[in-house]
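See structure below.
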Amino acid sequence: KVTHEHSEALNQRIKEHLALLDHSDPDANGWEQITEDGEMKVYRKELVQDGLICDPLKAVHSVGLVTAKEMCHYFWFPDVRRDWEETVDVFDVLETLDEATTINYQTHKQVWPAAQRDCLYLSSMVKVDNPPSVGDKIPHDTWIVCNFSVDHPEANPVSGCVRALIEVALICQTFITLPKDGGPITRDCLQCDIIYVANVNPGGWAPASVLRSIYKREYPKFLNRFTNYVQQKTKDLKLLF
Ligand SMILES: Cc1cccc(-c2n[nH]cc2-c2ccc(F)c(-c3ccc(S(=O)(=O)CCO)cc3)c2)n1
C-alpha cells in the first residue's frame, strides 16, 4: 500500500479515535451532555487553551437505512461537500494523496463579531479491520473518516481569515438484522451507529459565549442535516459495504 507523508500521523490519530469505540459511558470522564435529539446525544468538555475556547465535542447517533461505508463516503467525498455543509464558503481540494485521502482548504461563514475562519486539513477515509468489539453487538463493518490540520505549500488563504486547527473523526459501524424470512438484506435491515468527535481550535480570539452558542446550535443541526442527506442520497442505490 503506497503511503504518503502524512500516513504515520493519520494512523496514529485513527488508533487514538478508535479508543472511543469502547463505548465508555459518554457521561463519564468529564463529558457534559449539551443536547439530545432523538437518537442523537451531543456532549462537550469545557477546555480553554492559551485563552481560546477549544471545547472538545462528541456526538453519538444511530441512524437506519444506511451503511457505515455510505455514511463515511459522503462525509469524505469532496464533490458533495457543498450539498450538506452549510457553514462552508470556499472549498478547494489542494492535493489528492490516494483514492481516499485529500488535502482540503475551506473557509467558513463569518460569525460576527469573530473574524472569519479557514481550515487547511487532510481528510482520509479508512476501513477499520479489527475494531474493538464492544458488548454483545457485532458490527458488520467499521469505517472512519479523519480530518486533521496540516500545512500545504499551495494553500492560497483568503485574506482576513484566521486559521482554525481541527482534529475531527467520524466513526461509523453497520449493524445488520437479518430478515426473518431469510430474504435478501434490504435497507430496512440496517442500523448505522455513529461517533463524531471534533476538536476545533479557533486559532484566534472569539467570544466564549458566541463560540459556545454556535457549537450548541451548529453541531446538532449539521449532524441531522448530514445524516438525512445520506439517507436521501442512498435510498434507491445498491447497499455499499
Ligand atoms: C458545523 C459547525 C459546527 C461548529 C461550528 C461551525 C461554524 N460556524 N461558523 C464557522 C464554523 C466553523 C469554524 C471553524 C471550524 F473549524 C469549523 C469546522 C466544523 C466542522 C468540520 S468537519 O471536519 O466536521 C466537516 C468538514 O467541513 C470542520 C471545520 C466550523 N460549524
Side-chain angles (χ1 to χ4, degrees), residues 6 10 13-14 17 20 34-35 37 40 42-47 49 52-61 71-94 100-126 143-151 155 157-158 160-172 194-230:
H6 300 287
L10 174 63
R13 280 171 173 79
I14 289 173
H17 289 311
L20 292 165
I34 51 174
T35 50
D37 178 355
M40 184 202 301
V42 184
Y43 304 83
R44 73 143 183 235
K45 282 182 184 175
E46 297 219 340
L47 174 67
Q49 280 171 335
L52 302 181
I53 305 292
C54 294
D55 296 356
L57 186 288
K58 170 158 86 166
V60 289
H61 198 3
M71 199 50 91
C72 285
H73 169 73
Y74 289 104
F75 185 73
W76 170 81
F77 190 42
D79 296 12
V80 298
R81 179 58 44 86
R82 291 184 184 293
D83 295 355
W84 54 267
E85 261 275 29
E86 50 182 5
T87 70
V88 165
D89 266 342
V90 163
F91 177 80
D92 290 319
V93 175
L94 296 181
T101 307
T102 56
I103 293 183
N104 307 330
Y105 173 79
Q106 67 190 36
T107 64
H108 288 264
K109 289 190 172 56
Q110 178 170 11
V111 183
W112 182 86
Q116 184 173 23
R117 261 54 187 185
D118 64 0
C119 289
L120 171 57
Y121 63 96
L122 180 138
S123 184
S124 190
M125 175 174 169
V126 175
W143 287 83
I144 182 170
V145 175
C146 259
N147 294 346
F148 61 90
S149 291
V150 294
D151 284 330
V158 168
C161 282
V162 170
R163 180 63 47 86
L165 301 175
I166 66 169
E167 291 283 344
V168 170
L170 181 76
I171 307 174
C172 294
I194 299 165
I195 297 180
Y196 171 82
V197 284
N199 290 276
V200 174
N201 180 320
W205 179 80
S209 55
V210 168
L211 273 185
R212 286 183 169 146
S213 70
I214 289 179
Y215 290 173
K216 192 173 168 87
R217 188 183 67 242
E218 291 294 330
Y219 280 115
K221 203 162 81 176
F222 144 68
L223 286 162
N224 274 321
R225 179 180 164 87
F226 172 66
T227 49
N228 291 338
Y229 171 78
V230 178

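When a ligand or atom number is given, it counts from 1 through the structure's own listing order.
No heavy atom of Glu86 sits closer than 4.0 Å to any atom of ligand 1. Put simply, no part of Ala198 is less than 4.0 Å from ligand 1, judged by heavy atoms.
Nearest protein heavy-atom contact of atom 23 (O) of ligand 1 is Asn147 ND2, 2.9 Å. Looking from atom 5 (C) of ligand 1 to the surrounding protein, the closest heavy atom is Ile214 CG2, 3.6 Å. Here the protein heavy atom with the shortest distance to atom 1 (C) of ligand 1 is Phe222 CB, 3.7 Å. Scanning all protein heavy atoms for the shortest distance to atom 27 (O) of ligand 1 gives Glu85 OE2, 2.3 Å. The single protein non-hydrogen atom nearest to atom 2 (C) of ligand 1 is Glu218 CB, 3.6 Å, given as residue, atom name and distance. Distance from atom 10 (C) of ligand 1 to its nearest protein heavy atom, with residue and atom name: His108 CB, 3.5 Å.
Using a 4.5 Å cut-off on side-chain heavy atoms (C-beta onward), Tyr196 and Val42 make no contact. Using a 4.5 Å cut-off on side-chain heavy atoms (C-beta onward), Arg44 and Lys216 make no contact. You'll find the side chain of Trp84 stays beyond 4.5 Å of the side chain of Asn228, heavy atoms only.
For the residue pair Tyr121 and Arg81, the shortest heavy atom distance occurs at OH-NH1, 2.8 Å. The two residues Ala115 and Gly160 come nearest to each other via the heavy atoms CB-O, 4.3 Å.
For ligand 1, the polar-atom distance check against Tyr196 finds a nitrogen or oxygen pair separated by under 3.5 Å. The shortest N or O to N or O distance between Tyr219 and ligand 1 is not under 3.5 Å. Geometrically, ligand 1 and Gln106 share a nitrogen or oxygen pair separated by less than 3.5 Å.
Applying the 4.0 Å criterion to heavy atoms of Val200 picks out, from ligand 1, the atoms 14 (C), 15 (C), 16 (F). Close contacts between ligand 1 and Tyr215 involve ligand atoms 4 (C), 5 (C) [criterion: under 4.0 Å to a heavy atom]. Against a heavy-atom cut-off of under 4.0 Å, Val168 is close to the following atoms of ligand 1: 23 (O), 24 (O). Short contacts between ligand 1 and Lys109, defined as distances under 4.0 Å to a heavy atom of the residue, involve ligand atoms 9 (N), 10 (C). Close contacts of ligand 1 with Val111, meaning ligand atoms under 4.0 Å from a residue heavy atom, involve 9 (N).
In this structure, Phe77 and His73 have parallel ring planes: the angle between them is below the 30° cut-off, well short of the 60° mark. Ring pair Phe75/Phe222 is tilted by interplanar angle, where 30° to 60° counts as tilted.
Other residues, nucleotides and ligands place more than 12 heavy atoms under 6.0 Å from the CG atom of Asp79.
Asp89 pairs in a salt bridge (charged side-chain N to carboxylate O under 4.0 Å, His left out) with only one of the listed residues (Lys109, Arg117, Arg82), which is Lys109.
Under the 3.5 Å distance criterion, with hydrogens and angles disregarded, no donor-acceptor pair is assigned to the side chains of Asp55 and Tyr215.
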